[in-house]
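Read through the structure below, which is laid out as structure tokens, and then see the notes.
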Amino acid sequence: MFQPAPALARVIEIGEVAAGIAVPEDRGVRFFSASRDFDGLDGMLFRNPEQAARAARDLTRPGARKAPRPIAV
């Protein structure tokens, strides 16, 4: 019996920078950041890899609001 191949994780790159990886889940893809610049998206669920890539690109635009970083204690 033929079973379709499972969806694969996709690397999200913005220009020459690896922003993160989009890992398939039941309801979409979960983003895991590969760079501190994209930590604001870490763990977020998106409908598809293209939506995750769009969110990562939006963070790199001039004047974009960056997510606040936690303060080390």
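Bear in mind that the values here come from a model prediction, so they are computed numbers and not experimental data.
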Show which side-chain atoms of residues 42-50 pair as donor or acceptor with protein atoms under 3.5 Å away, not counting sequence neighbours.
unit_1 : atom_1 : unit_2 : atom_2 : d
Asp42  : OD1    : Ser33  : N      : 2.8
Asn48  : OD1    : Glu50  : N      : 3.2
Asn48  : OD1    : Gln51  : N      : 2.7
Glu50  : OE2    : Arg10  : NH1    : 3.1

Q: Decide yes or no for Asp37 and Thr60: does some side-chain heavy atom of the first lie under 4.5 Å from some side-chain heavy atom of the second?
A: no
**Q.** Closest approach of Ala56 to Phe38 (non-hydrogen atoms, all atoms of both residues)
**A.** O-CE2, 3.4 Å
Q) Nearest heavy-atom pair of Ile14 and Ala19: which atoms, and what distance? A) CG1-CB, 3.9 Å
Q. Linking I/L/V/M/F/W/Y whenever their side-chain heavy atoms sit closer than 4.5 Å, directly or via other members, would Val17 and Ile12 fall into one cluster?
A. yes
Q | Hydrophobic cluster of Phe32, others only, ordered by chain and residue number, side-chain cut-off 4.5 Å | A | Ile21, Val23
Q. In the hydrophobic cluster built from side-chain contacts under 4.5 Å, what are the other members alongside Leu8?
A. none
Q. Is there any side-chain hydrogen bond (donor to acceptor under 3.5 Å, both in side chains) pair reaching into residues 15-30, and which pairs are they, with sequence neighbours excluded?
A. Glu25-Arg30
